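Have a look at the structure below before the remarks.
Within every chain, numbering begins at 1; the chains are lettered A, B, ... in the order of the sequence lines, protein sequences first and strands thereafter. Values reported hereafter were calculated over all heavy atoms of this structure, with side chains retained and with hydrogens, waters and symmetry mates removed. No experiment lies behind these values; they were computed from the predicted model shown.
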2 protein chains.
Amino acid sequence: MKGYLWTGGDPGSQKSLAPPQTGRLAPWEAIAVEAVGNVIEFWGFKRNQGRVWGLLYLRGEPLTAGEIERELDLSKGGVSMLLRDLEHWGVIQRVRVPQDTVWRYAAETDLVRMVTHVVEEREASFVTRIRADLSEARRLAEGAGGVPPEKLRRLERMAVLAEHVERALRLFIKTSRLDVGGVLGAFRDGALARKGER
Amino acid sequence: MKGYLWTGGDPGSQKSLAPPQTGRLAPWEAIAVEAVGNVIEFWGFKRNQGRVWGLLYLRGEPLTAGEIERELDLSKGGVSMLLRDLEHWGVIQRVRVPQDTVWRYAAETDLVRMVTHVVEEREASFVTRIRADLSEARRLAEGAGGVPPEKLRRLERMAVLAEHVERALRLFIKTSRLDVGGVLGAFRDGALARKGER
DNA sequence: GGTGCGGTTCACGCGGTCTTGAACTATATG
DNA sequence: CATATAGTTCAAGACCGCGTGAACCGCACC
């Protein structure tokens, strides 16, 4: 389950060094983190990737893998992999505190941009694949001979449909991007006074 | 209970190639059917639901459950359930051929409408859920006291983000609908004399 | 060197989803 | 009524993705 972080020492000797409270998440934190988890899962990523990002974002300050592991009740290995993915996608950042040796992780604020980016890529390749399949089918059908022309027409219509769906999708991604551009302004962290940036 | 008479179109097309030539799918059919399966799965439905619809659409004439079972190599029970779902969503139609006792199933042409509809429903309830969670978290956090105001602001920003995403989504669904409206015109079957009601 | 700890990798197992196949219902036919 | 065939339901099992936890790596400090 959890633990494994604790294996070495007795629980009593918690280093006062880092974590203020080793306790669980505050209820409101738990709810918010869970919400992010749901969203991210909905978009086709792993739920825990969302939870990790959510925690990092809510806390605002960089956390260590160990802290994340404890707060979200994940395994050491799991946290490692999740962090790797998130960093790879550029939605979290690995930071080093001056005279500390451990890595800490901080949330980038453009989660959304990353999501749209990855989704876009996924979508695009997927859609092209579909269209390729459909035209392949059409080629075969035409070459085969003996295929009633009205069936060919059906195939053709499917291809048209696919194209239209593709267009709608691209449009969505674009608008989502733009729409989110506005959000990022408000969303972007940093100076409290800074508003309406970009 | 449900179902309509198959006031079938031109008998000529029916007998030419239609007779239970129950071999395997033609290669081009297989490819096309598979493509539909992929699409539908991508949208969060079962792959086989897409394959069944695709087959029915390509064939253009109503097929029996047995034929579907054979062509797509599915189990009897599975076909039954798949057909039930598809019919329930209104993307296939149950038809009865005059002096025959078995049910046959024909593809409606508005697969896309159904997809956007179901997706819309799913999306909508999902998004509202998320927003409810976030405001709940915010309520709790405010009530708890001792929560740094800047954390409250983070929560708030997440809620804003959620709203924006929601807006983008609705927009997508709407445009997709419209976009597809055009498609349906071309997509709608003209080859067979079909009683289009709805 | 050795010990401790942060970090990574990966085989295994759990949990959830989809499919199967058999039991069962319903309906027609002689 | 017996028989056959279409259709439905559901428990059992195949399948697959994810997270776990142990083994492993590497660095720091003693």
Spacing between [X] atom [atom1] and [N] atom [atom2], to the nearest angstrom:
| X | N | atom1 | atom2 | value |
| --- | --- | --- | --- | --- |
| L72(B) | dT20(C) | CG | C1' | 16 Å |
| L82(A) | dT9(C) | CG | P | 13 Å |
| K46(A) | dG17(D) | NZ | P | 11 Å |
| R47(A) | dG16(C) | CZ | P | 12 Å |
| L86(A) | dG7(C) | CG | P | 15 Å |
| D73(A) | dG19(D) | CG | C1' | 11 Å |
| F45(B) | dT19(C) | CZ | P | 15 Å |

* To do: Determine, using the 4.5 Å side-chain heavy-atom cutoff (strictly less than), whether L25(A) and L74(A) are members of one ILVMFWY cluster.
  =>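 Both belong to a single hydrophobic cluster.
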* Compare the minimum distances between each of dG7(C), dT20(C), dA6(D) and the side chain of V102(B), then state the nucleotide with the smallest one. =>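 Side chain of V102(B) sits closest to dA6(D).
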Have a look at [X] and say if it touches a base, only the backbone sugar-phosphate, or nothing, with a 4.0 Å heavy-atom cut-off.
| X | result |
| --- | --- |
| S80(B) | base |
| S75(B) | base |
| R94(A) | sugar-phosphate |

* Would you say N48(B) reaches dT19(C)'s phosphate, i.e. side-chain N/O to OP1/OP2 under 4.0 Å? ->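 True: N48(B) side-chain N/O within range (under 4.0 Å) of dT19(C) OP1/OP2.
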* Is the distance from OP1 or OP2 of dT9(D) to the nearest side-chain N or O of R84(B) less than 4.0 Å? ->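 Yes, because at least one side-chain N or O of R84(B) sits under 4.0 Å from OP1 or OP2 of dT9(D).
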* In terms of the nearest nucleotide of DNA chain D, which residue is placed more toward the 5' end: M81(B) or G66(B)? ->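 Its nucleotide being nearer the 5' end, the pick is G66(B).
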* To do: Examine F45(A) together with W89(A) and report whether their ring centres are nearer than 6.0 Å.
  =>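 Distance test on ring centres: under 6.0 Å, yes.
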